[in-house]
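Contents: one structure, followed by commentary.
We use all heavy atoms of the structure for the numbers below, so side chains are in, but hydrogens, waters and symmetry mates are not. Order of the sequence lines sets the chain letters (A, B, ...), proteins ahead of strands, with each chain counted from 1.
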Protein chains: 2
Amino acid sequence: MKLSSKGRYAVMAMVDIAKYAEDKPCKLSNIALRQNISLHYLEQIFLKLKKSNLVRSHRGPGGGYKLLGSKKDIKVSDVISAVDESIKTTGCNNSATSFCTGKNVRCLTHDLWEDLEILIEGYLESVSLHDLVVGNKNSFLEERNYEQS
Amino acid sequence: MKLSSKGRYAVMAMVDIAKYAEDKPCKLSNIALRQNISLHYLEQIFLKLKKSNLVRSHRGPGGGYKLLGSKKDIKVSDVISAVDESIKTTGCNNSATSFCTGKNVRCLTHDLWEDLEILIEGYLESVSLHDLVVGNKNSFLEERNYEQS
DNA sequence: TAATACCCGAGTAATACAGTCAACTATTAA
DNA sequence: TTAATAGTTGACTGTATTACTCGGGTATTA
C-alpha cells in the first residue's frame, strides 16, 4: 500500500466532507481552507475520487462535491486506492521487476511483503469515514474483527 | 514505516547471510550474485547495517560480513530501521509539517496514521531472519501474540 | 607484497511528488 | 439572458528522493 501525502490529503478531505457537509454539496474551496490544502491540488484529487465513484460533483453556484454512499460504507482503503495508483508494497508480483526474478534463489522475502500488504489493507478496510469523524477507530487494534481477504 | 527497495534489499541480503553463511564471513559479491543486487549499492547498505550493529565486517581475503547476534534475535524491523532513515508514515508528529498544524480543525486522521504505524512496526518486529529462512513467518497473522508498544 | 574485500565520498539519471497555471464548460441565480 | 459560480482538464514545473554508478582508498591476510 502506497502512503503518499496525496493519499493523506484525500482521506482528510473526505473526512472533512463527512463531518461538515454530509448531504449538501461541499465546495472544495471550503475544504481547502479548513484542511489547509492547495485548492488546485484538491481538484486533481477529487477528479480521481469522482472517477472511483466515491463522490458526485454538482456544478454551478451552490454546487460542490457530495459523498456517494454513506460515510459508514466508505472505507479509508477505498479513498487511498482511488488516488494512489500503485497499491503494492512489493515488486514481487509483477514479474518484470528485479525482485523474484525466478533465479535459483528467488526472493526469500516475497511472502513477508505480501502478508504485510494484507495486514495494511485489512486495517484500512476496517476504518470508515464515520469512524474517523466520531473518533472511535481503534476497534481493529483492540478487537480485530476483520475478514482477511 | 518507510518501505523502499533499499529496505527490501537490506532484508534480502540479511536473510541471504542467515541462510548461506551464518557463522563464517560472507562476501558481498556473493550476496550480490545470489540476490541480483548491485555490489556498490550493497556496500552502502551494509555500511548502515554495520553502524546499527547488525553485522560485523572482516577485511582482507576470506573476509566479509557476519551477523552480529543470532538470526532469531534479528528482526526485520531492525534491518529496515537501520537503512531507511525516516520511520514515520505521518507528517503529524513533527510540528513543522503541514499536517496537524494546530488550526481549529486539526488533522482528523492523525490517530489513523499513528495506529497504522504501530501495526506495521508490530508486524515487522514479529518476524526474525530465522523465520524467513525457514519460511514460517505467519505467526503474526494467525496468533498475533505481539506486544503493542 | 600482492591480492582481496571492505570503506567512503562524490556524482548522476530517472522518477515521483507536490503544486501551479491557464483556459474551458456546465449550472444556477438574478 | 447574463454574470457569477464551481467544477473540468491538461500541461507544465520545481524539488526531492531514489537507486544507483564511479573512482579511488585502506586494512588484512595468505
[X] [atom1] to [N] [atom2], straight-line distance once rounded to whole Å:
X: Leu42(A); N: dA18(C); atom1: CG; atom2: C1'; answer: 12 Å
X: Lys27(A); N: dG7(D); atom1: NZ; atom2: C1'; answer: 12 Å
X: Lys51(B); N: dC7(C); atom1: NZ; atom2: P; answer: 11 Å
X: Arg56(B); N: dC6(C); atom1: CZ; atom2: P; answer: 15 Å
X: Ile45(B); N: dA5(C); atom1: CD1; atom2: P; answer: 20 Å
X: Leu28(B); N: dC8(C); atom1: CG; atom2: P; answer: 13 Å
X: Leu49(B); N: dC6(C); atom1: CG; atom2: P; answer: 13 Å
X: Lys48(A); N: dG10(D); atom1: NZ; atom2: P; answer: 12 Å

With a cut-off of less than 4.0 Å, is there a side-chain N or O of [X] near OP1 or OP2 of [N]?
X: Ser5(B); N: dA19(D); result: yes
X: Ser57(A); N: dA6(D); result: no
X: Lys6(B); N: dC20(D); result: no
X: Tyr9(A); N: dG19(C); result: yes

- Is the closest side-chain heavy-atom distance between Cys26(A) and Arg34(A) below 4.5 Å? yes
- Query: Taking the six-membered ring of Tyr65(B), is the NZ or CZ of Arg56(B) close enough (under 6.0 Å from the centre) and on axis enough (within 45°)?
  - Reply: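 Judged by the rule (NZ or CZ under 6.0 Å from the ring centre, within 45° of its axis), Arg56(B) is not positioned above Tyr65(B).
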Measure the spacing between [atom1] of [X] and [atom2] of [Y] and express it to the nearest 0.5 Å.
X: Asn36(A); Y: Ile31(A); atom1: CG; atom2: CD1; result: 13.5 Å
X: Leu112(B); Y: Leu124(A); atom1: CG; atom2: CG; result: 6.5 Å
X: Lys71(B); Y: Asp73(B); atom1: NZ; atom2: CG; result: 12.0 Å

- Take the angle between the ring planes of Tyr41(B) and Tyr9(B) and call it parallel below 30°, perpendicular above 60°, tilted in between. perpendicular
- Task: Report, as a single string ordered 5' to 3', how protein heavy atoms within less than 4.0 Å touch nucleotides 21-30 of chain D: B base, S sugar-phosphate only, - not at all.
- Result: BBB--BBBB-
- Query: Closest heavy-atom contact between Leu54(A) and Asp78(A)?
  - Reply: CD1-O, 3.7 Å
